Structure formats: C-alpha cells, structure tokens
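Because the structure is predicted, anything quoted here is derived from the model rather than measured.
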Amino acid sequence: MHLSPQAQAVMLLTVSLGKTDPTKVKPLSNNEWARFAIWLKGHDLEPSSLLKGNLQTLLSGWIDRSVSVARLEQLMGRGTALGLSLEKWQRAGLWILTRSDPEYPERLKRRLRSESPAVLFGSGNKALLNKGGIAVIGSRDTSEEDLAFTEMLGTKAATQGYSIVSGGARGVDQSAMLGALNIEGNAVGVLADSLLKSAMSAKYRKHIMSGDLVLTTPFNPEAGFNVGNAMARNRYIYCLADAAVVISSTPNKGGTWNGAIENLKSGWVPLWVKHNSNTKSGNLALAQKGAHWLPDNPTSLSILPNSLQSSTEVGVSEDLPLLAHNSAPKEPNIKATDASLPEIDTPRPPAHDVATEEVTFTSNRQQQVDKDFYGLFLVRMREITTTQPMKTEDIASHLELEKSQTNAWIKRGVEEGNIKRLTQPVRYQSISDGPPQASLFGNEA
C-alpha cells in the first residue's frame, strides 16, 4: 500500500490508530480538519509540509479554539504507529482514499462539503462508491416479513441495474445487500466497525473478489462497535445513494430514526418508508414528516428507469406513481484536483471562492438540468414548500441547483400558475391540488 506524503499527513492528523497509538491523542474531526486545511492553503502550505520542518515555526500564526499546535505535534508524531497499521491493512487487501483522490465519492463531497470524511478505508470495487443506488435502512431486529420484503427490494433493484447502499449490519442491512449480491448485483456496505474482519469473512469475500461489492468505513478498520460511530455513518449511507427506503424504525430512538430525520432535514435524497401496521413503528411519523409510502404489495414494486409505470402496473395509487431516473444510472463526471494540493481544495471554501471540483460538477449538472426537468422541479417544489414558502436562494440550495436555473423555473412556474409569489419578504410556494407526484430517485441526474 503506497501512500503519498500528502495522504500520510492527512491520515496522521485525522485517523484513530487504536491500540498501536502510544499518544492516545484525539484525531482531528472532519470540521477541524477542514478549518486547518483552509488555513494551510491560505499560507501556501501543504499537508506534506508538516512531515518535515519545525511545526512551531511552520504554524506560528495558527490559532484555533480546539486544535492547538501541541495537539498537531502529537498527531504528526505517530508515524511508527501508522506504519505498523498500514502494513497489516495492506496484507488484508484494504485500500485508502483521501478527499483529493479521483475515486473518492463525489456525492459525499458535494452533499457534505467540509463534513465529508477526510479518509475512507475500504475493500472491494472502489468504482461502486460513485455509482449511486438505493439506500436501504432498518433495524437489526425486525420481523421476518420485513426481512423478506427487504431481500426482495435488493433483488428487484439489482435486476434493474441499481446498487444497494446499506450499513452491513445484521437484519435489514444484510438482507438488502445479499438480496442484490445473490443475483450478481452490486452493493455498497458503509460499516461502522470491523472492516478488516468483514472484508475477510466468507459471507462477503466472494462478492468482493468478483467486483460486485465494496465495503467502506471512515473509521479505523480494526475499530470495534461504537454507538457514536454507528450514528455518524448513517449520513454517509444516504449521501452515497440516489434514494432511500426505511424498512422499519422506532420513533425518536435509534440510528435508523435519527438518520432518516437528518436526511429529511438536509434533503439529500428522497425518502420512502414501508407500510407498517405496528403502532410502535416510526414509519408513520416519518411519513408525516415528509417521507413517501412504498406500495403495500412487494411483488408490484417497480423501479424501472426510462418509464413511468401506470398505477395499475405498479399497484399504487395514481397520486403516487413510482418512477426512477429520466435516464439510466450512470457514472458521475469527476474531476481530479491538482496533485500538488490534493487535500486543500476539498473543504468548503468561503462564499466568494468555490472549489475546483464543485465548479466542474455544477457545470455538468447544469447541462443535465437544461433538459426537460422542469416537471420534476415542480414536484420537488411541492414537497419542500407545502408547509411554508421559501426564498429563491433557499430553494436553490435545497434542490442543489444553480440560482439562475432556479430563477428561470420559478418565473415559469409563476407565469403558468403552478407557483405563487409572496412579498415582504419575497418568497415562493407551490400551488398544489393534491399530493406530490414524487419520484423514487428525486432530482439526481
């Protein structure tokens, strides 16, 4: 496993090395690293600069409320511990990605910005991280009926060319992933712990070797289960996907509920929930907060691309047809950053400055939305402004659109009577005669 000096420096600063770490100092969080990386760039320094020279001299102007120079010195002094860990991980066939690597998931950088993981560990087909797919989330302990539904969903997605993105835990996660993998479909497992152990398990090994599966984690590959890590990785599951399905949840409790609520608030991907007759299920509450119901009959579920199935074909009401992308799944266009500054361009920049990869993505996305996505825009407007009107800039940010494109579509919507304009201050709200015609795959092109 060959790591560039930049990658080594980033790992020393951001990765927990577990038992091999003699210092036990806390690595930088994603946000702490983002602040420090921006400062380094502003002072014409690279992460690799910290591997040589005196840090007290190099960082003489650095002042931060939680990241002291002494802490940075301790983190950078863990070279021997990192070397021992890298040797073990290499023998197991693991790989490492930092945010500057071209294979790093573009969806994470775009949706989470500075909160995207500085480092990802993994095993298997890295290309699957940029393929998108359906995130399937649910309890470790759920009914046999739910597990059967989940496996069917994984199989159905695979037959249509979509990957399953899940957490790799027993119960819903594994049922969804194995439902896809057992018919030679693709799956992405975002693990909260034990990547090294999982990558070597018989359950996953053949799928990793065949290129159908990738397991990844932002945590030390040897880390054991930790509630905080399990909660934190939920957002990565959503952000690697194009749509999400919650099979079962408990209201106001647990990782499934918290992850779904965070997704609804952040608007990363459209969220669907399975009907559940259990009065203690949180799925009803999620639907009341903006998630969409999946059809009751699993055998009628359809996620076919390039078509809008009629309600009689898919077994759902005319108010909520299931449709997928307007085009088949495809790999996003990702632009590698300058190799001389691989990590600095990644954190979210000030408002007046935009990172190179984000400029490139916006341009590509603009070409896609120039197609007739106006109808889909109205769908999403109806979803996000049903309860209260929004300003143009908030609509553009929520839907991840250029403000100019948002203005054009809002103007058209007002002229056609689909959107009303409110004043003092100027805001906009969808004029809706019924439930939103939601798309399973939302506004991701």
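Using the six-membered ring where Trp is involved, Trp293 and His275 have ring planes that are parallel, under 30° apart on the 30 and 60° scheme.
Every side-chain contact (heavy atoms from CB on, under 4.5 Å) that Ser201 has, sequence neighbours left out, goes to Lys203, Tyr204. In this structure Arg71 satisfies the salt bridge (Lys or Arg N to Asp or Glu O under 4.0 Å) test together with Glu32, sequence neighbours excluded. In this view, Asp146 and Lys274 satisfy the salt bridge (Lys or Arg N to Asp or Glu O under 4.0 Å) rule, not counting sequence neighbours. Residues satisfying the side-chain contact (heavy atoms from CB on, under 4.5 Å) test with Arg65, not counting sequence neighbours, are Arg35.
Note on residues 220-230: pairs passing salt bridge (charged side-chain N to carboxylate O under 4.0 Å, His left out), not counting sequence neighbours, are Lys88-Glu222. Sorted by first and then second residue, the salt bridge (charged side-chain N to carboxylate O under 4.0 Å, His left out) pairs with a member in residues 253-273 read Arg235-Glu262; sequence neighbours excluded.
By the 4.0 Å N-to-carboxylate-O rule, Arg107 lies close enough to Asp242 to be salt-bridged with it.
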Full working for side-chain contact (heavy atoms from CB on, under 4.5 Å) between Val414 and Lys420 = CA-CA 6 Å; Val414 171; Lys420 61 181 176 182; over 6 Å; no
Please walk me through it: do Ile237 and Val190 pass side-chain contact (heavy atoms from CB on, under 4.5 Å)?
-> CA-CA 6 Å; Ile237 296 174; Val190 186; 3.7 Å; yes
Could you go step by step and tell me if Thr250 and Thr256 meet the side-chain contact (heavy atoms from CB on, under 4.5 Å) rule?
-> CA-CA 8 Å; Thr250 302; Thr256 299; over 6 Å; no
Could you walk me through whether Phe121 and Trp89 pass the ring pair (Phe, Tyr, Trp, His ring centres under 6.0 Å) check?
-> CA-CA 9 Å; Phe121 301 92; Trp89 299 337; 5.2 Å; yes
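Looking only at distances, no side-chain donor or acceptor of Ser116 sits under 3.5 Å from a matching main-chain atom of Leu112. Of the possible donor and acceptor atoms, one in the side chain of Asp101 sits under 3.5 Å from a partner among the backbone N and O of Thr98.
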